[in-house]
Amino acid sequence: MVGIFSLVTGMSGPSGFGSSTTAEQVTEGIDARNLTAIITGGASGIGLETARVLSLRKAHVIIAARNMESAKEAKQIILQDNESARVDIMKLDLCSVKSVRLFVENFLALDLPLNILINNAGVMFCPFQLSQDGIEMQFATNHLGHFLLTNLLLDKMKQTAKTTGIEGRIINLSSIAHTYTYEEGIRLDDINDQNGYSDKKAYGQSKLANILHANELSRRLKEEGVNITANSVHPGVIMTPLMRHSSLLMNFLKMFTFFIWKNVPQGAATTCYVALHPGLKGVSGKYFLDCNEFKPSTFASNGILGRKLWDFSNRLINSISKA
């Protein structure tokens, strides 16, 4: 109830920020010139705004995108406002294990440090379809691709954190929709089952997986004593290209719920806050909404389910790689 009240009123929480805060406001005064960040889906929507603001704070930003034409346009948009911005673009298709591996191979070849990984890209409310690797599309894109990407980049992030002494940060973009999922939370035994498929629950399932992934990753990093944090965020309800499969429904709903919708600069605020704010040093395994820590669902807080998902994801990737 407190979350809804603050969302409607824009009232600030304990962090000093709230739902009406913008990405520029939460990062004001922060110098990120020594940081390198990868942002998936950084070519449009809140991903583009996140890339723009991190570049504004002098971070070196790599936009990882499936559509390279959109990525080129995004880079130009950033450079038009900020000629000194350090922005590179690289191709990444998260629903393809082969593409994820190739992206990491190409990134590592650049011999750049990596301080921040923002797993932002996603698809939403898709009709039932399988990825080219044979996995339900929303689960494949929103969770599995990011799971593999993160694992493959972890050694680089560990090396960077160790040599620079700068804390690494991994941010998974989840959603309040993680509360609306299948009865068992994650359909580990029926991930590709078309029977009973719900585009809304499948999306919720993938967003639940994002939180569980961040939490389990956080646990493992803490256990290893690594100077890297892992958190998840809900950006807010924003009309972005992500909603292309349900634009009519969303426009209809927006007429009756206009008071809870955010604009893009507000939608990118929580991501930028968790990625850059010095006040979150050492904070890991948490879920953030409106730039404040928030308690997720019971499923999202289930460590056993998180470990099962981790093992399940590894098995899926191994089976794809062997095929």
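Side chains included, hydrogens not; waters and symmetry mates left out as well; all remaining heavy atoms used.
Glu28 meets the salt bridge (charged side-chain N to carboxylate O under 4.0 Å, His left out) test with no other residue; sequence neighbours excluded. Tyr273 is linked by a ring pair (Phe, Tyr, Trp, His ring centres under 6.0 Å) to Phe17, His277, counting only residues two or more places apart in sequence or in another chain. In this structure, Phe288 has no ring pair (Phe, Tyr, Trp, His ring centres under 6.0 Å) partners at least two apart in sequence or on a different chain. Not counting sequence neighbours, the partners of Ser70 by the side chain to side chain contact (heavy atoms under 4.5 Å, CB included) test are Ala43, Asn67.
Side chain of Asn192 to main chain of Glu136: a donor-acceptor pair is present (N/O by atom type, distance under 3.5 Å, no hydrogens or angles). With Ser175 contributing its side chain and His178 its backbone, the two residues share no donor-acceptor pair below 3.5 Å. Ser218 places no side-chain N or O within donor-acceptor distance of the main-chain N or O of Ala214, the cut-off being under 3.5 Å. A donor-acceptor pair is defined here as one N or O able to donate and one able to accept, closer than 3.5 Å; such a pair exists between the side chain of Gln138 and the backbone of Asp199.
When only modelled atom types and interatomic distance are considered, Arg101 and Ser96 share no side-chain donor-acceptor pair under 3.5 Å. No donor-acceptor contact under 3.5 angstrom links the side chains of His234 and Thr270, judged on distance only. Ser174 and Ser232 form no side-chain donor-acceptor contact under 3.5 Å, judged by distance and modelled atom types alone. For the residue pair His60 and Asp88, a side-chain donor N or O sits within less than 3.5 Å of a side-chain acceptor on the partner.
Salt bridge present: Glu216 and Arg220 bring a charged side-chain N and a carboxylate O closer than 4.0 Å. The pair Glu24-Arg52 meets the salt-bridge criterion, since a charged nitrogen lies less than 4.0 angstrom from a carboxylate oxygen. Taking 4.0 Å as the cut-off between side-chain N and carboxylate O, Arg169 and Glu167 count as a salt-bridged pair.
For the pair Lys295 and Tyr287, the NZ or CZ position fails the cation-pi test of under 6.0 Å to the six-membered ring centre and within 45 degrees of the ring normal.
Leu79 belongs to no hydrophobic cluster with other residues, because no ILVMFWY side-chain heavy atom falls under 4.5 Å from its own, directly or through intermediates. Other residues sharing a hydrophobic cluster with Phe128 under the 4.5 Å side-chain heavy-atom criterion for ILVMFWY residues are Leu130, Tyr182, Tyr197.
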(request) Could you go through the side chain to side chain contact (heavy atoms under 4.5 Å, CB included) check for Ile171 and Leu117 one step at a time? (result) CA-CA 6 Å; Ile171 299 95; Leu117 173 61; over 6 Å; no
